[in-house]
Amino acid sequence: DAKTTQPPSMDCAEGRAANLPCNHSTISGNEYVYWYRQIHSQGPQYIIHGLKNNETNEMASLIITEDRKSSTLILPHATLRDTAVYYCIVTLGQGGSEKLVFGKGTKLTVNP
Amino acid sequence: GAVVSQHPSWVICKSGTSVKIECRSLDFQATTMFWYRQFPKQSLMLMATSNEGSKATYEQGVEKDKFLINHASLTLSTLTVTSAHPEDSSFYICSAETLAGWNSYEQYFGPGTRLTVT
């Protein structure tokens, strides 16, 4: 079972910031928070990951609370092409036998 | 960088035949590749973990004799669906793993293969 809880759906206006929450209250100290998204009928796309500190890359920002029990993925200026299902995944990230367990994710719809 | 390809992107086959799906990491070497299956309106479900040069590890409930996995090189893994049945119709997605930084990994996913068994 997935270790994360996400709202099933969200809407966002084009050009606005999209803030996608994720609860992971049972996360352990050495587990990372990963975000992927899946555009319809495509393979998932890696977005960002983090352990404790907030992270930013060209796609998004990841804000992790101090107690690490929740996080927020921020798409600063959402476009129509950001419409997708977003998955928040908690994993040790150690590779090999470490599996990614996909929950149901959040379906983000960006509206014009 | 970190591109993963799959071939074919879609395939239609008759019940009882076998279908092979290829997964390649184009610009990096991946010691571990994963195979997922996704039914309509559902999330991805891991089928098996494939390590180069060794036997794949299958998830509970996935028949290893039906879904044959070969990981012959650091850039290629294949999934063969043997004696396909209509219930095997699904979206099959592979991923390849690479070291992202100190002690953390990233999985990069292929575009998926849509299998329809008639």
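Only heavy atoms go into these numbers, but all of them, side chains included; no hydrogens, no water, no symmetry mates. All chains are named by letter (A, B, ...) in the order of the sequence lines, taking the proteins before the strands, and each is independently numbered beginning at 1.
Within the 4.5 Å cutoff, the side chain of B:Phe109 has no heavy atoms near those of the A:Gln38 side chain. You'll find the side chain of A:Leu100 stays beyond 4.5 Å of the side chain of B:Phe34, heavy atoms only. Looking at heavy atoms from C-beta onward, B:Arg114 lies in side-chain contact with A:Ser41 at the 4.5 angstrom threshold.
Two different hydrophobic clusters hold A:Val101 and B:Val62 under the rule that ILVMFWY side chains link at heavy-atom gaps under 4.5 Å. Linking Ile, Leu, Val, Met, Phe, Trp and Tyr whenever their side-chain heavy atoms come within less than 4.5 Å leaves B:Phe28 and B:Met33 in two separate clusters. Linking Ile, Leu, Val, Met, Phe, Trp and Tyr residues whenever their side-chain heavy atoms come within less than 4.5 Å places B:Leu46 and A:Tyr32 in a single cluster. Under a hydrophobic-cluster definition in which Ile, Leu, Val, Met, Phe, Trp and Tyr are linked whenever side-chain heavy atoms come within less than 4.5 Å, directly or via other members, A:Ile64 and A:Ile74 are assigned to different clusters. B:Ile69 and B:Tyr92 fall within a single hydrophobic cluster, where Ile, Leu, Val, Met, Phe, Trp and Tyr are joined by side-chain heavy atoms under 4.5 Å apart, directly or via other members.
Two rings, from B:Tyr36 and A:Phe102, have their centers less than 6.0 Å apart.
Other residues, nucleotides and ligands contribute more than 12 heavy atoms inside 6.0 Å of the CE atom of A:Met59. Counting non-hydrogen atoms of other residues, nucleotides and ligands closer than 6.0 Å to NE2 of B:His7 gives a total of 12 or fewer.
The nearest pair of heavy atoms linking B:Gln38 to A:Tyr87 is NE2-OH, 3.9 Å. When all heavy atoms are compared, the tightest approach of B:Phe91 to A:Gln42 is CE2-O, 3.8 Å.
Separation of atoms OH (A:Tyr36) and OG (B:Ser95) is listed at 7.5 Å; rounding is to 0.5 Å.
The main-chain N or O of A:Lys104 is never found under 3.5 Å from a side-chain atom of B:Ser43 such that the two would form a donor-acceptor pair.
Contacts of B:Leu44 with chain A are made by both backbone and side-chain atoms, with heavy-atom separations under 4.5 Å. With a 4.5 angstrom heavy-atom cutoff, B:Gln6 does not touch chain A via any of its atoms.
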